[in-house]
Every structure is written in C-alpha cells, then in structure tokens.
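As structure tokens, the structure follows; a few thoughts come after it.
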Protein chains: 2
Amino acid sequence: MDTTSRGAYTIGECARRSGFTMDTLRYYERIGLIGDIARTTTGQRRFNDEHLEWLGVLKCLRDTGMPVEQMHRFATLVKDGDHTIAERIALLEAHKTAVDARMADLVAKRDYLLGKIDYYRSVAP
Amino acid sequence: MDTTSRGAYTIGECARRSGFTMDTLRYYERIGLIGDIARTTTGQRRFNDEHLEWLGVLKCLRDTGMPVEQMHRFATLVKDGDHTIAERIALLEAHKTAVDARMADLVAKRDYLLGKIDYYRSVAP
DNA sequence: CTAGGACCTGGAGTGCACTCCAGTGCAAAC
DNA sequence: GTTTGCACTGGAGTGCACTCCAGGTCCTAG
C-alpha cells in the first residue's frame with residue numbers, strides 16, 4: 001500500500017514546477033516545511049509528485065499571506081497523522097476568515113482607488 | 001483663497017485618526033511622503049485635516065500593497081501641481097490593475113483553500 | 001576526457017517597512 | 001510648581017522571508 005510517489009525531480013525541475021526558487025525550497029526544507037526529501041547517493045535532492053502537491057498547498061498558504069510560522073504548524077499537524085485533522089480544519093478555517101477579511105478590505109480600498117481615478121479624470125485637462 | 005486647513009492635531013491624535021503609528025508618521029515625513037507639517041514654536045508637529053485626507057490616500061495605497069517608493073513618486077506628482085494629473089491617473093490605473101490581479105489570485109487561492117477544508121471535513125472522524 | 005552547467009553546504013547578507021531607543025524638552029492637570 | 005505624560009531627534013535595531021556566496025562536488029554532452 002505504497003502511495004506511489006511517482007516522479008523524481010531535481011531541485012531545479014521542482015523549482016520550475018512549483019514556482020518556488022531553489023533557494024526557497026532548500027530554505028523550506030531546513031526550517032521543516034518540507035520533509036522526507038530523498039537523496040541520491042551523492043547527496044542531491046530528488047523531489048516527487050507528493051512534494052509537488054504539498055508545495056502547491058504551501059504556495060496557496062503563502063500567497064494568501066500565511067506567516068511561515070503558521071505554515072510550519074500546519075506542516076507539523078500533517079506530519080502527525082490523521083488525528084490532527086480537526087485541528088487542521090480549524091487552522092485553515094481561521095486562515096480563510098483572515099483571507100476573507102483581507103479581500104473585503106481590498107475591495108473597499110479598490111473602490112476608493114476607483115473614486116480617486118474618476119475624480120482625477122473629471123478634472124483632467 | 002486659503003484652502004481652510006482646519007484642525008490642529010498632535011502626532012498622537014493624528015496617529016489615532018489615521019491608523020498609522022506616530023513612528024510611521026515621522027518616518028513618512030522623513031522620507032518625503034508627507035510635506036508641510038506645521039510646527040509649534042517648540043517644534044511639535046501639528047497635523048491638519050488636509051493631512052488626514054492625504055493619509056487616507058496613503059493608507060489606501062499602502063494597504064493595497066503599493067511599495068513606498070511608488071507612493072513617493074505619487075506624492076511628488078501631487079506636489080508638482082495640476083499638470084501631473086495625467087501621470088497620476090496612469091500611476092493609479094497601473095496600481096488598480098495590480099490590485100485586480102492580486103484579488104483574482106486571492107479568489108482562486110481561497111477556492112483552493114475551501115476545497116482543502118471540504119476535503120478534510122469529508123475525511124474527518 | 002573535458003568543459004560547462006547543475007547541485008551541495010553553512011553561513012552571511014539583503015530589502016522592505018517600519019520600530020525602538022536614549023536622552024531631552026514641553027504640556028497639562030492637580 | 002511638580003508630577004505625569006506626550007513629543008522631539010538621530011540613529012540603531014527588528015522581523016520577516018528569503019537570497020546570495022564561496023568553495024566544493026557531480027553529471028552529462030560532445
């Protein structure tokens with residue numbers, strides 16, 4: 001019952017596919033956001049499709065403004081197994097709430113911006 | 001033909017009203033984002049309603065992710081008078097475009113998040 | 001076989017946008 | 001008129017999230 005982790009990507013390939021830089025990938029590994037990266041006998045990393053999937057999650061969290069520390073907490077929950085699912089939901093929900101608030105604020109600010117632009121247009125030479 | 005700049009707020013009052021910290025206000029003055037702040041004979045700043053309005057603009061730009069350098073450019077345009085209006089419009093439009101892109105991305109990422117939450121709910125104990 | 005490129009590590013450095021501090025001076029309330 | 005608090009300056013420090021570097025190894029195309 002192997003979860004068939006197909007694909008064996010060098011860090012460069014993984015960077016291109018995930019949208020992170022190689023440096024960021026190494027950094028994320030160092031701080032514990034990515035675990036269990038295989039190595040060749042000579043020490044090179046080999047990422048697989050599971051990593052790419054996980055990186056997709058991380059990218060989503062990061063790009064929606066989650067601080068690295070919270071991502072780390074989430075990573076820990078995932079690593080700790082199924083009994084943490086309720087907590088994972090709670091974390092993601094809290095984050096979703098934050099994202100919603102951020103979006104609402106953005107909408108309001110964008111309207112303000114539009115008003116400003118319209119004003120300038122109305123007085124433009 | 002005085003533009004009736006009513007109100008005379010200490011930096012503390014201005015901070016409370018604008019949502020910036022006192023330090024940030026001083027910082028913004030230093031780097032040229034806020035100009036013409038009156039001083040009492042003893043050197044204390046006295047902000048007025050025009051400043052508050054301008055700070056509202058800055059807050060909008062900042063909170064929508066405009067880098068300080070661009071805000072500075074905008075401030076310069078405003079200071080340079082009416083013949084810069086076209087350029088101001090261009091700057092704000094470009095920023096609006098960036099905000100729109102950011103919002104679209106946020107919507108997509110939020111959906112992904114929702115999917116993740118739903119998935120966890122579906123496998124929750 | 002060799003030249004060029006990809007990858008390795010640990011640690012130092014970067015950029016942004018503040019934020020804090022020491023030491024000092026004014027203000028406002030009692 | 002003194003205590004408590006707000007404000008001043010210049011400059012140093014912070015926090016976050018990377019990003020870069022030196023000095024080395026490895027891999028692969030020709």
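In what follows, chains are A, B, ... by sequence order, proteins preceding strands, each numbered from 1. Quick note: numbers below take in every heavy atom, side chains included, and nothing from hydrogens, waters or symmetry partners.
The separation between B:M71 atom CE and C:dA17 atom P is 7 Å, rounded to whole Å. To the nearest angstrom, C1' of D:dC18 lies 14 Å from CD1 of A:I11. As a whole-Å value, the separation of B:R16 CZ from D:dG5 P is 16 Å. The separation between B:D63 atom CG and C:dA17 atom P is 12 Å, rounded to whole Å. Following rounding to the nearest Å, B:I37 (CD1) and D:dC8 (P) show an atom-to-atom distance of 9 Å. Atoms CZ (A:R39) and C1' (C:dA6) sit 14 Å apart, rounded to a whole Å. Look at OH on A:Y27: it is 14 Å from C1' on C:dT14, rounded to the nearest Å. Between the P atom of D:dA12 and the CZ atom of B:R30 lies a distance of 12 Å, rounded to the nearest Å.
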Could you list, one pair per line, each protein nitrogen or oxygen that sits under 3.5 Å from a nitrogen or oxygen of nucleotides 21-30 of chain D, together with the distance?
from, atom 1, to, atom 2, distance (Å)
D:dC27, OP1, A:T42, OG1, 3.1

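With DNA chain C read from its 5' end, the first of the two nearest nucleotides for B:P67 and A:M22 is the one closest to A:M22.
For the segment residues 93-101 of chain A, no residue has any heavy atom less than 4.0 angstrom from an atom of DNA chain C.
Using a cutoff of 4.0 Å between basic side-chain nitrogens and carboxylate oxygens, B:R73 and B:E87 are scored as salt-bridged. Under a 4.0 Å N-O distance rule, the pair A:E29/A:R39 qualifies as a salt bridge.
Distance check: A:I34 CD1 to A:C14 SG gives 7.0 Å after rounding to the nearest 0.5 Å. Between the CG atom of B:D100 and the NE2 atom of B:H95 there is a distance of 10.0 Å, given to the nearest 0.5 Å. The distance from atom OG of B:S18 to atom CG of B:L52, rounded to the nearest 0.5 Å, is 6.5 Å.
Look at B:Y28 and you won't find any side-chain N or O under 4.0 angstrom from OP1 or OP2 of C:dA17. Within the structure, every side-chain polar atom (N or O) of B:R45 is placed at least 4.0 Å from both OP1 and OP2 of D:dC6. The phosphate of D:dC16 has neither OP1 nor OP2 within less than 4.0 Å of any side-chain N or O from A:R62.
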Side-chain donor/acceptor pairs under 3.5 Å, residues 112-125 of chain A, sequence neighbours excluded:
from, atom 1, to, atom 2, distance (Å)
A:Y120, OH, B:R88, NH1, 3.1
A:R121, NH2, B:E93, OE2, 2.8
A:S122, OG, A:Y119, O, 2.6

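The main-chain N or O of B:G35 is never found under 3.5 Å from a side-chain atom of B:W54 such that the two would form a donor-acceptor pair. Looking only at distances, a side-chain donor or acceptor of A:T21 sits under 3.5 Å from a matching main-chain atom of A:T24. Judged by distance alone, with hydrogens and angles left aside, the side-chain atoms of B:H72 form a donor-acceptor pair with the main-chain N or O of B:I31 at under 3.5 Å.
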